[in-house]
Amino acid sequence: MSTITTTNPATGETIKTYPLMSEAEAFEKVEAAHSAFLDWRARTPAERAPYLTKIAEKLRENADELAALMTRETGKLLKDGKAEVEICAAILDYTAKTGPHALADEERTHGTEGSRGVVTYQPIGVIYSIQPWNFPLYQPIRVLAANLMAGNACVLKHASICTGSGLRLRDLCIEAGLPEDLFQVILIDHDTSDKLIAHPKVRGVTLTGSDDAGRHVGSVASKSLKKTVLELGSNDAYLVLEDADIETAVKFSVMGRLYNNGETCVSAKRFIVADKVYDAFVEAFVEQMKAIKMGDPTKDDVQLGPLSSDDQFAMVKEQVEQSLAKGAKALCGGEAPDITGAYYPATVLVDVAPGMPAYDDEIFGPVAAVIRAKDDEDAMRIANDSRYGLGGGIFSKDEDRALKLARDHFDTGMVRINSFGTADPNMPFGGVKDSGYGREHGGFGMKEFVNAKAVFLP
């Protein structure tokens with residue numbers, strides 16, 4: 001029987017081995033989830049809300065254990081894991097609080113006589129959630145919270161390297177009182193996953209992952225006419241304009257590039273700097289990146305842990321080497337230390353140009369690509385010169401002008417001004433272009449997989 005083995009990327013030590021499920025076993029989980037859905041859908045959003053609140057309580061009660069597990073499986077800093085637990089609890093609380101209103105029936109009128117109409121948001125069934133490893137708790141929670149509130153069931157295929165985190169999340173949901181079959185975690189291979197997408201009881205598919213994974217899952221789902229939400233990769237640009245406060249720009253650029261060991265879809269990855277302030281920014285940025293302490297992710301004073309796996313390490317190493325071979329220069333980092341673990345140092349590349357992985361692709365690790373722009377207008381042009389469009393940022397002392405650039409010109413789903421952050425329960429999350437489609441958070445996720453049903457009354 002095929003198995004999944006999880007490994008600590010900081011030490012190389014094996015954590016645990018799990019057997020893969022057969023196709024029949026996976027299908028049984030879907031059928032069980034559908035049966036649980038038939039009961040769950042009969043509850044009102046207000047009746048579902050307390051379950052989410054109780055799950056949030058369970059997460060907070062077990063925050064230390066969950067953070068330690070995520071660190072063992074993926075190498076994320078222990079303090080980042082604790083912060084992840086809290087944002088998950090906050091998402092559950094937000095969804096419980098706002099869901100009943102967001103999903104309430106809406107009164108409309110229709111016809112020339114102004115007859116009464118009702119728009120009602122009805123659940124559709126089992127939602128198949130395919131999630132990555134970089135946020136082992138947050139990724140499944142953002143799908144689970146929205147769909148439980150909407151009245152759906154959820155079947156999770158988590159990334160294999162954080163299998164333990166996915167299974168522990170389900171345990172805690174059941175401890176919180178959630179009906180046991182409503183949220184399933186399945187351990188399957190990609191072939192079985194494709195067959196699961198076509199299962200008649202699966203009504204929607206949501207994936208967070210690479211753009212290649214999104215193309216595959218989207219195409220498989222489309223053959224069965226299943227709706228998808230795809231949150232894919234990005235190469236987010238942060239603009240340092242001519243009037244930027246350099247201290248602020250450097251502070252949030254370092255934070256934005258290294259958060260979660262640089263393994264975040266909305267990390268700041270390309271830093272596009274107007275010529276007027278280029279030298280000042282690069283000097284200060286490199287100085288701070290050089291000073292970053294890399295090491296054991298469980299230590300409080302460590303700022304950068306290992307990458308999530310040897311495979312991820314090899315990919316980042318190759319992308320940097322290819323960029324250097326094509327003319328980029330490393331002002332710090334760029335070479336991995338000869339130590340145990342998947343450690344890659346904080347790296348700053350300059351002279352980055354089209355045709356290099358650092359310019360064209362997503363480097364999922366602590367590697368910053370700095371690109372010189374002639375002026376602010378050129379910086380905005382370069383920012384949009386990407387197949388991706390998830391997030392981005394602008395550093396400028398003129399907040400009104402930055403807002404106008406963000407609103408009218410930045411071709412992304414999200415923009416940060418003079419700051420860095422990842423997700424907020426009250427703001428939509430998602431992208432455009434090869435970064436996918438659909439939205440999560442901010443109330444939007446609760447309506448992605450519902451039947452907006454029109455009822456016409458005379």
Is the F364 ring parallel, tilted or perpendicular to the W133 ring (thresholds 30°, 60°)? perpendicular
Taking it one step at a time, do I130 and V205 satisfy side chain to side chain contact (heavy atoms under 4.5 Å, CB included)? CA-CA 8 Å; I130 307 170; V205 183; 4.2 Å; yes
Taking every non-hydrogen atom, the tightest pair across V185 and M21: O-CE, 3.6 Å
Are there more than 12 heavy atoms of other residues, nucleotides or ligands under 6.0 Å from atom CG of D300? no
Nearest 0.5 Å, what's the CG-CG distance between L78 and D64? 7.5 Å
Check whether the side chains of D194 and H216 place a donor and an acceptor atom closer than 3.5 Å, and report yes or no. yes
Donor-acceptor pair, side chain of R72 and main chain of A67, under 3.5 angstrom: no
Checking F429 against E231 for the side chain to side chain contact (heavy atoms under 4.5 Å, CB included) test, could you report, in this order, the C-alpha distance in whole Å, the side-chain angles of both residues, the deciding distance, and whether it holds? CA-CA 9 Å; F429 187 103; E231 195 277 281; 3.6 Å; yes
Can a salt bridge be assigned to the pair R60 and D93 using a cut-off of 4.0 Å between side-chain N and carboxylate O? yes
In terms of side-chain geometry, is the basic nitrogen of R168 or E175 positioned less than 4.0 Å from the acidic oxygen of its partner? yes
If you draw a 6.0 Å radius around NZ in K329, do more than 12 non-hydrogen atoms from other residues or ligands fall strictly inside? no
Between Y359 and D385, is a side chain to side chain donor-acceptor pair (under 3.5 Å) present by the stated rule, with each step listed? CA-CA 9 Å; Y359 188 100; D385 182 27; 2.7 Å; yes
Roughly how far apart are D411 CG and M380 CE, rounded to 0.5 Å? 8.5 Å
Will you find, in the side chains of N134 and Q139, an N or O donor that is under 3.5 Å from an N or O acceptor? yes
Would you say that more than 12 heavy atoms from the other residues, nucleotides or ligands in this model lie under 6.0 Å from the NZ of K79, or not? yes
Rounded to the nearest 0.5 Å, what's the gap from CG on L169 to CE on M70? Could you check? 10.0 Å
Audit row: N426, Y94, side chain to side chain donor-acceptor pair (under 3.5 Å) steps and yes/no: CA-CA 8 Å; N426 197 38; Y94 170 86; 3.1 Å; yes
Where do Y238 and A268 come nearest, in terms of heavy atoms and distance? CD1-CB, 3.5 Å
Between the side chains of N235 and S386, is a donor N or O closer than 3.5 angstrom to an acceptor N or O? no
Are K82 and E84 within salt-bridge range, i.e. N to O under 4.0 Å? no
Straight-line distance of E28 CD to Q184 CD, nearest 0.5 Å: 10.5 Å
Do Q131 and T206 make a side-chain contact, defined as non-hydrogen atoms from C-beta onward lying under 4.5 Å apart? yes
Counting only N and O atoms by type, is there a donor-acceptor contact under 3.5 Å from the side chain of Q319 to the main-chain atoms of E362? yes
Under a plain distance cut-off of 3.5 Å, with no hydrogens placed, do T6 and Y18 share a side-chain donor-acceptor pair? no
If you define the side chain from C-beta out and look only at heavy atoms, does anything of T422 sit under 4.5 Å from F420? yes
Distance (rounded to the nearest 0.5 Å) between I197 CD1 and S222 OG: 10.0 Å
Strictly under 6.0 Å, is that where the ring centroids of Y51 and W40 end up? yes
Is it the case that the side chains of D236 and S234 hold a donor-acceptor pair, with the cut-off being a distance below 3.5 Å and no angle test? yes
Candidate pair V450 and Q122, rule side chain to side chain contact (heavy atoms under 4.5 Å, CB included), full reasoning: CA-CA 5 Å; V450 293; Q122 293 298 313; over 6 Å; no
Is the closest side-chain heavy-atom distance between N152 and I124 below 4.5 Å? yes
Going by an N to O cut-off under 4.0 Å, is there a salt bridge joining R439 and E448? no
Using the ring of each side chain (for Trp, its six-membered ring), is F271 parallel, tilted or perpendicular to F285, with breaks at 30° and 60°? tilted
Walk me through it: do Y128 and S193 pass the test side chain to side chain donor-acceptor pair (under 3.5 Å)? CA-CA 9 Å; Y128 182 32; S193 178; 2.7 Å; yes
Can a cation-pi geometry be assigned to K453 and Y121, taking NZ or CZ under 6.0 Å from the six-membered ring centre and within 45° of the ring axis? no
Would you check, one step at a time, whether the test side chain to side chain contact (heavy atoms under 4.5 Å, CB included) holds for H441 with I91? CA-CA 8 Å; H441 303 321; I91 289 166; 3.4 Å; yes
Please check if atom CD in E335 has more than 12 non-hydrogen atoms from other residues, nucleotides or ligands closer than 6.0 Å. no
May I ask you to decide whether K58 forms a salt bridge with E61, counting only side-chain N to carboxylate O separations under 4.0 Å? yes
Quick one: does L196's side chain get under 4.5 Å of V30's, heavy atoms only? yes
Other residues, nucleotides, ligands: >12 heavy atoms within 6.0 Å of H190 NE2: no
Count the heavy atoms belonging to other residues, nucleotides or ligands that lie under 6.0 Å from NZ of K54, then report whether that count exceeds 12. no
Looking only at side-chain N and O atoms, does T5 offer a donor or acceptor that is under 3.5 Å from a partner on T17? yes
Show your working on salt bridge (Lys or Arg N to Asp or Glu O under 4.0 Å) between K317 and E321 and close with a plain yes or no. CA-CA 6 Å; K317 182 173 180 288; E321 289 174 349; 2.7 Å; yes
Kindly determine whether D211 and R387 satisfy salt bridge (Lys or Arg N to Asp or Glu O under 4.0 Å), including the steps that lead there. CA-CA 10 Å; D211 45 328; R387 71 180 188 272; 3.2 Å; yes
Heavy-atom neighbours of F27 CZ exceed 12 at 6.0 Å: yes
Are side-chain heavy atoms of L92 and T53 found at a separation under 4.5 Å? no
Please evaluate residues D311 and S309 with respect to the criterion side chain to side chain donor-acceptor pair (under 3.5 Å), reporting the C-alpha separation (whole Å), side-chain torsions for both, the decisive distance (0.1 Å), and the verdict. CA-CA 5 Å; D311 287 346; S309 66; 5.2 Å; no
Under a 4.5 Å cut-off applied to non-hydrogen side-chain atoms, are P136 and T74 in contact? yes
Would you kindly say whether S210 and D212 are connected by a side-chain donor-acceptor distance under 3.5 Å? no
M315 atom CE: more than 12 heavy-atom contacts under 6.0 Å: no
Test salt bridge (Lys or Arg N to Asp or Glu O under 4.0 Å) applied to R108 and E106, step by step: CA-CA 6 Å; R108 301 277 179 105; E106 297 177 11; 2.8 Å; yes
Indicate the ring-plane relationship of Y138 and F135, choosing parallel, tilted or perpendicular according to the 30° and 60° boundaries. perpendicular
No-hydrogen, no-angle side-chain donor-acceptor test under 3.5 Å, T208 and R142: yes
Within the structure provided, determine whether I186 and E25 are in side-chain contact (heavy-atom separation under 4.5 Å). no
P345 side chain reached by M289 side chain, heavy atoms, under 4.5 Å: no
R257 side, atom CZ; T347 side, atom OG1 - distance, nearest 0.5 Å: 9.5 Å
